[in-house]
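Okay, structure first, notes after.
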Amino acid sequence: MTIVSVGKEMWKCAACGEQVSVTEPLSWRCPRSKEDDRHHVLLLEQPLAPLRGTGEANPFLAFRKYLAWDSFAQSLGLSDADRVSIIETSDAAIASVDGTGFHTTPFGRNDALSDALGFNANGGVWIKDETESVGGSHKARHIYTELLHLLALERSGRAPWVERPPLAIASCGNAAFAASTLAHSVQWPIKVFVPDLVATELTDLLQSVNAEIVRCPRLSTDPPGDPTVHRFREAVKSGAIPFGVQGTENAWCLDGGRTIGWEIADAQERESGPPLDRLFVQVGGGAFAACLATGVYAGGLRPALHAVQTAGCAPLQRAWENAGAGGGTRNAGGRWSECMWPWENVQSSLADGILDDETYDWVGVCNAMADSGGSPIVCSEQHIVDAYALAHKVTTINVSPTGSAGLAGVLAMRPNIADDERVVVIFSGVRRQFMPLPK
């Protein structure tokens with residue numbers, strides 16, 4: 001099994017090829033990304049070396065040597081003990097707020113779900129359960145390496161601020177709560193840009209961790225796209241630090257997000273079982289799927305990646321088709337404008353957390369699908385509803401409708417999946433009390 005090497009990382013823009021060292025402080029975006037041209041994203045390039053987790057429960061300690069963040073912190077002159085201390089201290093603070101710190105999450109075959117879907121004993125459905133992770137989803141893993149970046153600058157005395165600037169995120173769901181939880185744990189101010197009609201239950205949740213909520217109605221002067229993203233970018237331009245899960249806005253979210261894939265690869269190596277065949281991942285902004293695939297594939301596995309969206313908002317499917325027609329689905333970042341643009345008429349869905357009108361990290365997702373022989377899956381709303389109901393009927397995992405949307409992709413594709421195939425879904429996003437129960 002192989003995984004990324006240590007100390008040889010480099011950011012490279014998938015659109016223009018610009019390179020940025022991982023030792024560069026505050027290296028959120030491609031230097032060529034401008035206010036009127038955000039079609040750039042920095043992706044990590046790393047050589048391969050053997051994967052060996054330490055066995056520690058916290059994945060940011062178990063796989064620390066493979067994180068680009070560790071190389072960055074080392075470049076600041078921080079010792080190995082200092083780097084461990086930053087993780088341990090901040091994780092303890094997070095646990096005091098959230099009730100849990102970062103830990104390796106469960107992964108294994110779910111017999112009841114496998115039987116319900118008609119798989120035989122050689123195949124089945126493997127679930128990676130992120131519902132009991134920090135903030136109830138995978139989102140905090142992405143944001144944590146952004147926080148570690150800032151904490152390393154402060155620990156080394158290299159932070160360019162006297163008073164901490166506010167953090168900023170555009171989100172109306174799990175990412176907002178995860179970011180606010182992390183910020184609150186280290187007493188860092190944060191502004192959360194949410195839709196004008198956001199649910200009161202969510203704003204109550206955000207206020208419980210002292211987030212400043214900024215409602216964002218759509219203005220007649222706004223260009224196409226999400227108004228929360230427009231207001232977020234204005235805040236960053238005024239000095240706020242991007243603190244979200246869009247690689248186009250802060251590439252460091254693509255570092256920590258890989259830990260889920262590394263855990264899966266590590267578990268498979270220890271199990272020494274047959275290889276995994278397919279990986280179904282719900283896609284909104286795309287960072288989750290891009291990072292998960294990067295981690296799994298670097299670990300020597302090659303399941304076909306299927307990125308799952310709803311019929312009412314499927315910009316990734318359109319980009320995949322346009323990229324294929326215009327020169328190939330891999331490395332299509334240089335053709336961004338011809339492939340990816342905001343979905344014109346977003347329809348409501350029970351899985352409202354994947355209704356991003358633009359798949360910001362589409363290049364990494366398309367690369368992973370192309371490399372693995374995968375494809376995007378566009379689900380009907382009935383598949384979304386049925387997956388949520390099935391998840392609660394046959395498992396004990398308290399997953400949200402968005403969190404079970406990857407399973408909707410399995411339902412949509414099940415007639416074309418052999419009974420002995422081994423497929424993976426990620427249940428990420430705990431069902432909150434204000435969310436509807438499945439019927």
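Values in this document were obtained by computation on a predicted structure and should not be read as measured data.
- The pair R215-D196 fails the salt-bridge criterion, with no side-chain N (NZ, NE, NH1 or NH2) lying under 4.0 Å from an Asp/Glu carboxylate O.
- Atom NE2 in H39 sits 10.5 Å away from atom CH2 in W341 (nearest 0.5 Å).
- No side-chain heavy atom of Q347 sits less than 4.5 Å from a side-chain heavy atom of T310.
- Side-chain atoms of T359 and Q309, non-hydrogen and from C-beta on, do get closer than 4.5 Å to each other.
- L206 has its side chain within reach of I213: a pair of non-hydrogen atoms, C-beta onward, lies under 4.5 Å apart.
- Closest approach of A287 to D361, counting heavy atoms only: CB-OD2, 3.5 Å.
- Ring orientation note: the planes of F63 and Y66 are tilted relative to one another, at an angle of 30° to 60°.
- Contact of the W69 side chain with the V22 side chain is not registered, since no non-hydrogen atoms from C-beta on lie closer than 4.5 Å.
- Considering every non-hydrogen atom in both A211 and V192, the closest pair reads CB-CG2, 3.8 Å.
- Aromatic ring centres of H149 and W28: separated by under 6.0 Å.
- In terms of heavy-atom proximity, C379 sits nearest to V308 at SG-CG1, 3.5 Å.
- Looking at heavy atoms from C-beta onward, V385 lies in side-chain contact with E381 at the 4.5 angstrom threshold.
- Taking the ring centre of Y297 as origin, the terminal cationic atom of R302 falls inside the region bounded by 6.0 Å and 45° from the ring axis.
- W11 contributes atom CH2, which lies 8.0 Å from atom CG of L43 (distance to the nearest 0.5 angstrom).
- Residues S428 and H138 bring a donor and an acceptor atom of their side chains to less than 3.5 Å of each other.
- A cation-pi arrangement is present between R414 and F119, with the terminal nitrogen or guanidinium carbon under 6.0 Å from the aromatic centre and inside a 45° cone about the axis.
- In terms of heavy atoms, W362 sits closest to A319 at CE3-CB, 4.1 Å.
- Interatomic distance, CD of E269 versus CD1 of I264, reported as 14.5 Å (0.5 Å rounding).
- In this structure, V424 and I426 have side chains that are in contact, with non-hydrogen atoms separated by less than 4.5 Å.
- Within 6.0 Å of atom CD in E132, 12 or fewer heavy atoms from other residues, nucleotides or ligands are found, so the atom counts as exposed in its surroundings.
- In this structure, N398 and H392 have side chains that are in contact, with non-hydrogen atoms separated by less than 4.5 Å.
- With hydrogens and angles left out, the side-chain atoms of T248 and Q246 include no donor and acceptor closer than 3.5 Å.
- Rounding to the nearest 0.5 Å gives a distance of 6.0 Å between OG of S185 and CG of L147.
- Interatomic distance, R64 CZ to D70 CG, rounded to the nearest 0.5 Å: 4.5 Å.
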Discussion item. I'd like to know whether D98 forms a side-chain hydrogen bond (donor to acceptor under 3.5 Å, both in side chains) with T100, so could you lay out the CA-CA distance, the side-chain angles of the two residues, the decisive distance to 0.1 Å, and finally the verdict.
Written reply: CA-CA 5 Å; D98 190 64; T100 184; 5.4 Å; no
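- Salt-bridge check for R432 with E201: failed, with every basic side-chain N at 4.0 Å or more from each acidic carboxylate O.
- We find that D222 and R231 are joined by a salt bridge, their nearest charged nitrogen and carboxylate oxygen being less than 4.0 Å apart.
- With sequence neighbours left out, the salt bridge (charged side-chain N to carboxylate O under 4.0 Å, His left out) criterion links D277 to no other residue.
- When only modelled atom types and interatomic distance are considered, R29 and H40 share no side-chain donor-acceptor pair under 3.5 Å.
- Of all heavy-atom pairs spanning R218 and P227, the tightest one is NH2-CD, 3.4 Å.
- Between E263 and K128, the closest side-chain pair of non-hydrogen atoms falls below 4.5 Å.
- Ring-plane geometry between F193 and F232 is classed as perpendicular, the angle between the planes exceeding 60 degrees on a 0 to 90 degree scale with a lower cut at 30.
- Here the closest heavy-atom approach between residue T259 and residue P59 is recorded as CB-CB, 4.1 Å.
- Under the 3.5 Å distance criterion, with hydrogens and angles disregarded, no donor-acceptor pair is assigned to the side chains of E130 and S137.
- Separation of the W252 and F72 ring centroids falls under the 6.0 Å cut-off.
- With rounding to the nearest 0.5 angstrom, the CG atom of L279 is 9.5 Å from the CG atom of L301.
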